[in-house]
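To keep things clear, I will list the structure first and then write my remarks on it.
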Amino acid sequence: MSSPLSEATLQIIEATAPVVAQHVDQIVPAMYRRLLADKEIRALFNMSNQEGQAPQHKALANALVAYATHIRTPNVLAGAVERIAQKHAGLQILPEHYPHVADALLGAISEVLGEAATPEVLSAWGEAYWQLAHILIGREEEIYQGTAEASGGWRGWRSFEIAEKRREATDIISFVLRPVDGGAVVQHLPGQYLSFRFHLADGEEQRRNYSISSAPNGQTYRITVKREPHGRVSNWLHEVAEVGQRIEVAPPAGAFFLDPCDKQEVVLLSGGVGLTPMISMLEAFGGKGLRMIHVHAAQDPERHAMTGTSGRLADATFAFYEDLGGREREEGVLEGRIDPAWLTENTDIEQADYFICGAVGFMQAMVRGLKAANVPDARIHHEFFGPAAEVLG
């Protein structure tokens with residue numbers, strides 16, 4: 001455990017936080033440039049999130065500013081820190097990775113701020129970084145130990161094979177995964193994800209997270225993957241990987257999951273392939289006394305996966321299609337996008353819990369709409385597939 005920051009360090013952070021915030025859009029790309037120059041560290045990142053106005057850069061920029069803003073009250077950020085620790089545990093981030101980040105961050109601050117980045121300033125920011133790093137390292141170790149000691153659990157990477165490959169919709173395929181060693185698998189919490197380590201043809205390591213789309217069964221997991229136009233891993237899974245292919249998998253992780261305790265009604269809001277954790281929740285709890293409503297948005301009916309599961313297990317289902325594709329309107333099928341106002345009229349905003357997953361724009365619209373309808377934060381649960389999940393605050 002790290003020592004509390006000294007008053008002198010706190011004052012330096014508070015005094016320089018506005019300057020760092022002003023230049024954060026230059027500091028963070030400079031930091032990533034340093035990080036990604038290291039092949040070992042580069043393997044930890046999804047490189048598709050590093051191009052142009054990289055969303056991962058913006059996420060870290062927001063995190064950096066939020067941490068500095070709350071430097072005296074870090075408990076305010078506990079929920080966000082937990083999400084980051086879960087992501088790190090999924091990707092198998094280890095204590096030895098943290099010094100690389102420290103060097104890159106301090107080097108970037110020095111590069112961008114120039115003479116303003118005095119030794120005292122860099123020392124203070126280094127202390128602040130390591131305070132947060134030790135919190136994350138400690139929590140990540142707890143997660144690693146917990147999953148290793150659980151029935152069917154393991155630590156690090158475990159070899160699985162594709163036991164089944166099934167097309168669910170246009171550009172969406174499910175993969176059932178079974179451990180090569182024939183042993184049991186740890187029971188995931190419905191909504192959690194698996195992390196994967198891939199070695200593709202070019203030899204460069206790739207790591208990805210994919211939500212589990214099945215209920216816990218102790219024997220297998222299922223993931224459901226959409227092929228992205230320029231997605232190296234998703235295209236490999238769709239076009240190359242076949243039944244029998246071996247894949248390295250880390251234990252389930254994630255702070256987004258459904259605990260049915262004390263819930264009266266659950267509304268599952270999904271967009272596109274964001275329905276995968278919702279299917280896991282439905283398979284685990286659908287038809288067992290908890291009222292569950294699934295509201296899904298897709299471009300058209302051909303891109304709407306797993307409709308049978310939702311229709312069978314949800315108490316009510318609604319599908320919003322931007323293009324009906326010639327399909328006749330029927331009960332529960334609507335044209336256009338999900339309107340937050342529609343949610344206030346068709347779900348119980350006074351008591352329902354809302355679980356949301358999809359593209360960033362979809363997520364933002366749903367969360368903002370529900371908050372505008374005075375749904376408290378405690379009943380709004382969300383998961384991002386990409387780095388927006390790492391925004392502190």
Side-chain angles (χ1 to χ4, degrees), residues 1-36 41 44-45 49-50 53-89 91 93 95 97-140 255 360 364 367 377 382 384 386-393:
M1 179 179 293
S2 60
S3 301
L5 296 178
S6 68
E7 181 61 27
T9 294
L10 290 169
Q11 289 182 9
I12 291 173
I13 296 298
E14 289 173 331
T16 56
V19 179
V20 169
Q22 182 181 354
H23 295 87
V24 74
D25 289 339
Q26 293 82 49
I27 292 171
V28 171
M31 173 183 167
Y32 272 98
R33 188 171 65 249
R34 285 170 163 77
L35 278 174
L36 300 178
I41 301 302
L44 304 175
F45 294 89
N49 291 328
Q50 313 307 321
Q53 297 295 316
Q56 194 156 42
H57 296 183
K58 184 172 180 59
L60 180 60
N62 291 340
L64 190 60
V65 171
Y67 179 55
T69 301
H70 298 285
I71 195 66
R72 290 185 184 270
T73 56
N75 288 342
V76 172
L77 306 175
V81 168
E82 175 65 15
R83 289 194 296 273
I84 293 175
Q86 291 285 343
K87 291 288 185 183
H88 284 184
L91 292 170
I93 303 298
H97 295 132
Y98 280 86
H100 295 273
V101 180
D103 291 344
L105 172 61
L106 297 180
I109 291 175
S110 180
E111 173 190 327
V112 174
L113 298 189
E115 293 182 358
T118 64
E120 292 77 16
V121 167
L122 293 175
S123 176
W125 278 89
E127 288 181 43
Y129 166 80
W130 279 110
Q131 183 190 58
L132 177 58
H134 286 305
I135 293 171
L136 289 168
I137 290 169
R139 177 60 185 133
E140 288 154 18
V360 173
Q364 291 174 334
V367 171
D377 290 350
H382 48 82
F384 285 97
E390 308 223 336
V391 177
L392 285 168

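Computation of the quantities below employed the complete heavy-atom set of this structure, encompassing side-chain atoms and omitting hydrogens, waters and symmetry-equivalent molecules.
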Nearest 0.5 Å, please: how far is [atom2] in [Y] from [atom1] in [X]?
| X | Y | atom1 | atom2 | value |
| --- | --- | --- | --- | --- |
| I137 | E140 | CD1 | CD | 7.0 Å |
| L122 | I12 | CG | CD1 | 10.0 Å |
| H97 | H88 | NE2 | NE2 | 10.5 Å |
| Y98 | Y129 | OH | OH | 6.5 Å |
| T16 | Q11 | OG1 | CD | 11.5 Å |
| I93 | L136 | CD1 | CG | 10.5 Å |

### Query
If you measure only the distance, is there a donor-acceptor pair under 3.5 Å linking the side chains of E82 and Q86?
yes
Compare every heavy atom of [Y] with every heavy atom of [X], then report the nearest pair and how far apart it is.
| X | Y | result |
| --- | --- | --- |
| A104 | L35 | CB-CG, 3.7 Å |
| A108 | I27 | CB-O, 3.3 Å |
| I109 | A117 | O-CB, 4.0 Å |
| A68 | W125 | CB-CH2, 3.7 Å |
| I71 | A128 | CD1-CB, 4.1 Å |
| L77 | A66 | CD1-O, 4.1 Å |

Heavy-atom side-chain proximity of [X] to [Y] below 4.5 angstrom:
| X | Y | value |
| --- | --- | --- |
| V81 | I84 | no |
| R139 | I135 | no |
| V112 | V24 | no |
| R34 | D103 | no |
| H70 | T73 | yes |

TODO: Look at R72 together with E7 and state whether they make a salt bridge at an N to O cut-off of under 4.0 Å.
DONE: yes
**Message:** Please evaluate residues I41 and V101 with respect to the criterion side-chain contact (heavy atoms from CB on, under 4.5 Å), reporting the C-alpha separation (whole Å), side-chain torsions for both, the decisive distance (0.1 Å), and the verdict.
**Reply:** CA-CA 9 Å; I41 301 302; V101 180; 5.9 Å; no
Using atom types as modelled and distance alone, determine if a side-chain donor or acceptor of S6 lies under 3.5 Å from a backbone N or O of T9. yes
Test your reading of the model: is there a side-chain donor-acceptor pair from S123 to the backbone of P119, 3.5 Å cut-off?
no
